[in-house]
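Here's the structure we're looking at; comments come further down.
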Amino acid sequence: MTDHVIVTVEDGVQTLTLNRPDKKNALTPEMYAALADGIERAESDPKIRVTLFQANGDAFTAGNDLGDFAKAGATPATQSNEKTPVARFLENLATAEKPLIASVNGLAVGVGVTMLLHCDLVYAGASSTYQMPFVNLGLVPEAGSTLLLPRLVGLQKAADLFLTGKKIGAEKAEAMGIVAEVFADADLRAEVLTRAKTLASKAPNSVKITKALLKGDDRSAVLAQQKKEGEHFGAQLRSAEVKEAISAFFEKRPADFSKLS
């Protein structure tokens, strides 16, 4: 367990609140494990009808903690059949049968955006922003996002977001279909909780079947894409490109990839 993810259950809604505001809710392995556990708990507990992701502070999540990336990049790759916390979380997102809702405040970076592609409903605060700077860090996208995002927004717009690492606001995210509805920042949490509780009060089997029909029969394709992305991600994590990108980030300078091929 970790204090950085607060778990509550009320009126059929399990709320998983990211609670590391001093680090912009950057995700650690312990946080990933708690989030993965939460999804599994919801799937097995008939009293939980909906899982809601939200965050304390002024950010939804800054994505992965770059300090953890730096440590991972300095560690030799090992073979293990045990799933990592992040792999468990991403797989659970892709296979969850019960609805997942996200309430996005402030910045959402990296996995803070790609996880939204698995959520059935995403609501946003007016000042929220969305960015997937994987290429900027010498990495590749994850969570099956290279399959899901082009399906959602089209190939050109997906490439624009992935390859440039550009940041977009809530209004544009809504127009592209990444977000269902935008609320004033001050109203976001209450509005989303009301909608989550309303959904939790509906016929549970009907909700699950409707979600399955909307998602289509592509679970295996998403999981396969996650595996493929994960292999490239792990290799890049130990590359000179990532080492340079992370060094540049902590040294507050532009990354220089000119000598790398």
Side-chain angles (χ1 to χ4, degrees), residues 1-45 47-75 78 80-96 98-119 122-123 125 128 131-132 134 137 139 142-145 188-189 192-193 196 226 230 233-234 237 246 249-250:
M1 293 295 291
T2 173
D3 293 337
H4 291 152
V5 177
I6 300 170
V7 182
T8 59
V9 179
E10 180 183 353
D11 296 335
V13 178
Q14 173 183 238
T15 302
L16 304 178
T17 305
L18 304 181
N19 188 44
R20 199 186 179 205
D22 56 314
K23 297 294 185 179
K24 303 291 185 185
N25 293 314
L27 297 170
T28 63
E30 294 76 18
M31 293 170 74
Y32 276 120
L35 293 171
D37 290 345
I39 298 174
E40 291 173 7
R41 185 184 309 111
E43 292 295 289
S44 63
D45 187 345
K47 294 180 181 178
I48 298 175
R49 304 285 183 85
V50 172
T51 292
L52 167 63
F53 300 106
Q54 64 179 23
N56 287 335
D58 61 0
F60 182 62
T61 173
N64 288 283
D65 191 309
L66 290 186
D68 289 334
F69 273 175
K71 292 175 186 176
T75 304
T78 58
S80 174
N81 292 325
E82 184 177 352
K83 293 177 185 174
T84 64
V86 64
R88 280 184 57 226
F89 173 59
L90 298 182
E91 183 173 316
N92 288 350
L93 282 174
T95 58
K98 294 182 181 179
L100 304 174
I101 298 179
S103 174
V104 184
N105 62 300
L107 60 85
V109 178
V111 70
V113 181
T114 59
M115 68 176 283
L116 303 179
L117 304 177
H118 296 276
C119 291
V122 179
Y123 298 108
S128 61
Q131 185 179 20
M132 294 176 286
F134 298 104
L137 294 171
L139 293 166
E142 32 71 306
S145 59
L188 175 66
R189 185 167 289 197
V192 177
L193 183 58
Q226 284 188 359
F233 195 101
L237 198 56
I246 292 179
F249 176 84
F250 285 117

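Closest approach of Ser145 and Glu142 over heavy atoms only: OG-O, 2.6 Å. In plain terms, the two heavy atoms of Phe60 and Ala55 that are nearest each other are O-CB, 3.3 Å. Looking at every heavy atom in both residues, Gly125 comes nearest to Ser128 through O-OG, 2.7 Å. Among all heavy-atom pairs drawn from Pro21 and Asn25, the shortest one is N-OD1, 3.4 Å.
The shortest side-chain heavy-atom distance between Val86 and Val111 does not fall under the 4.5 Å cut-off. Under the 4.5 Å side-chain criterion, counting only non-hydrogen atoms from C-beta, Tyr32 is not in contact with Thr84.
For Lys98, the side-chain hydrogen bond (donor to acceptor under 3.5 Å, both in side chains) test picks out no residue, with sequence neighbours left out. Here Thr61 pairs with nothing under the side-chain hydrogen bond (donor to acceptor under 3.5 Å, both in side chains) rule; sequence neighbours left out. Under the side-chain hydrogen bond (donor to acceptor under 3.5 Å, both in side chains) criterion, Glu91 pairs with Lys83, sequence neighbours left out. Qualifying side-chain contact (heavy atoms from CB on, under 4.5 Å) partners for Ala96, counting only residues two or more places apart in sequence or in other chains: Ile39, Glu43, Leu100, Lys211. For His4, the side-chain contact (heavy atoms from CB on, under 4.5 Å) test picks out Thr2, Arg20, Met31, with sequence neighbours left out. Listed by chain and residue number, Leu52, Ile101, Ser103, Tyr123, Leu188 satisfy the side-chain contact (heavy atoms from CB on, under 4.5 Å) test with Val192 (two or more places apart in sequence, or in another chain). For the side-chain hydrogen bond (donor to acceptor under 3.5 Å, both in side chains) test, no residue two or more places apart in sequence or in another chain qualifies with Asn105. Applying the side-chain contact (heavy atoms from CB on, under 4.5 Å) test to Ala36 and every residue at least two apart in sequence or in another chain returns Arg88, Phe89, Asn92.
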Under 3.5 Å, sequence neighbours excluded: what are the donor-acceptor pairs made by side chains of residues 11-19?
| from | atom 1 | to | atom 2 | distance (Å) |
| --- | --- | --- | --- | --- |
| Asp11 | OD2 | Lys197 | NZ | 3.4 |
| Gln14 | OE1 | Arg41 | NH1 | 2.7 |
| Gln14 | NE2 | Gly38 | O | 2.8 |
| Gln14 | NE2 | Thr51 | OG1 | 3.1 |
| Thr17 | OG1 | Gln54 | NE2 | 3.1 |
| Asn19 | OD1 | Asn56 | ND2 | 3.0 |
| Asn19 | ND2 | Asp3 | O | 3.3 |

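With values rounded to the nearest 0.5 angstrom, Phe53 atom CZ is found 6.0 Å from Leu35 atom CG. Put simply, CD on Gln226 and OG1 on Thr95 are 8.5 Å apart, with the number rounded to the nearest 0.5 Å.
Put simply, the side chain of His118 gets close to the backbone of Ala143: a donor and an acceptor are under 3.5 Å apart. Although no hydrogens or angles enter the test, the distance criterion places no donor-acceptor pair under 3.5 Å between the side chain of Asp65 and the main chain of Ala26.
Within a 6.0 Å sphere centred on CZ of Phe249, other residues, nucleotides and ligands contribute 12 heavy atoms or fewer.
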